[in-house]
Amino acid sequence: MSDKFRQASFHIHPDDNVSVALSDLEPGEIAVYGPGGTAIGFAGEPVKQGHKLARRHIGEGEAVIKYGVAIGLATRDIQAGEWVHLHNCKSFHDTRSSTLDIESGAPTDMEYR
């Protein structure tokens, strides 16, 4: 990979509308590895390693697709290059995820003593 693309993400399935950051990403061009080879994409905001970013616009109410599987639902419009996480996506597999703190992942629906 050239020096131009030190930032990269990947997607497994051609239907995926998100990719996964291979390292912490800063805004700018990234390499997007996938079944069709390497494409040029972009991160519109910082995205932590292992987190999802939108490969294209995902409309409110549209399925978020990772590994060719609908894993959640966009709770608002998500722009291409935007971080996809608890603040804009509701999980199909973890009904409690909407109550977790966006940064720490700690539950916000119960009091700790």
Side-chain angles (χ1 to χ4, degrees):
M1 179 167 57
S2 76
D3 287 343
K4 182 176 180 179
F5 295 114
R6 292 188 182 272
Q7 302 195 114
S9 68
F10 76 96
H11 69 100
I12 298 296
H13 195 277
D15 293 341
D16 290 354
N17 57 13
V18 296
S19 62
V20 177
L22 294 174
S23 62
D24 289 351
L25 302 178
E26 293 299 323
E29 284 190 339
I30 62 172
V32 181
Y33 300 108
T38 304
I40 297 172
F42 70 96
E45 62 185 312
V47 178
K48 295 282 188 190
Q49 179 179 7
H51 283 245
K52 299 175 294 299
L53 67 154
R55 296 183 58 226
R56 61 166 178 78
H57 176 266
I58 303 170
E60 181 178 354
E62 186 179 345
V64 173
I65 302 171
K66 181 179 176 185
Y67 306 125
V69 176
I71 62 165
L73 194 68
T75 57
R76 64 168 178 79
D77 283 351
I78 303 170
Q79 302 306 312
E82 189 176 344
W83 178 35
V84 178
H85 199 51
L86 304 174
H87 63 293
N88 57 16
C89 175
K90 181 174 183 174
S91 175
F92 286 153
H93 305 286
D94 181 359
T95 56
R96 195 162 175 227
S97 66
S98 297
T99 67
L100 303 178
D101 179 81
I102 192 170
E103 294 297 327
S104 69
T108 60
D109 61 345
M110 60 191 299
E111 184 178 332
Y112 284 98
R113 295 176 193 242

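From a predicted model like this one, the values you see are computed outputs, not experimental measurements.
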Nearest 0.5 angstrom please: [X] [atom1] to [Y] [atom2], how far?
{"X": "L22", "Y": "Q7", "atom1": "CG", "atom2": "CD", "answer": "11.0 Å"}
{"X": "K48", "Y": "H85", "atom1": "NZ", "atom2": "NE2", "answer": "11.5 Å"}
{"X": "E26", "Y": "R6", "atom1": "CD", "atom2": "CZ", "answer": "14.5 Å"}

Please find the pair of heavy atoms, one from [X] and one from [Y], that lie closest to each other, and give the distance.
{"X": "P14", "Y": "R55", "answer": "O-NH1, 4.2 Å"}
{"X": "V47", "Y": "A21", "answer": "CG1-CB, 4.1 Å"}
{"X": "V32", "Y": "S19", "answer": "CG1-CB, 4.4 Å"}
{"X": "W83", "Y": "K52", "answer": "CD1-O, 3.4 Å"}
{"X": "D16", "Y": "H11", "answer": "OD2-CB, 3.7 Å"}
{"X": "V84", "Y": "C89", "answer": "CG1-CB, 4.0 Å"}

Is D24 reaching over with its side chain to a backbone N or O of Q49, donor-acceptor style, under 3.5 angstrom? yes
Please check this pair: side chain of E29 against backbone of I40, looking for a donor-acceptor N/O pair closer than 3.5 Å. no
What pairs of donor and acceptor atoms, side-chain ones from residues 58-72 against any protein atom, are under 3.5 angstrom apart with sequence neighbours left out?
from: E62; atom 1: OE1; to: G59; atom 2: N; distance (Å): 2.8
from: E62; atom 1: OE2; to: R56; atom 2: NH1; distance (Å): 3.0
from: E62; atom 1: OE2; to: R56; atom 2: NH2; distance (Å): 2.6

When you compare the side chain of N17 with that of I78, does any pair of heavy atoms fall below 4.5 Å? no
Once side chain to side chain contact (heavy atoms under 4.5 Å, CB included) is applied, do any residues pair with T38, and if so which ones, sequence neighbours excluded? A31, Y33
Mind checking side chain to side chain contact (heavy atoms under 4.5 Å, CB included) for L73 and listing every partner two or more places apart, or none if nothing turns up? F92
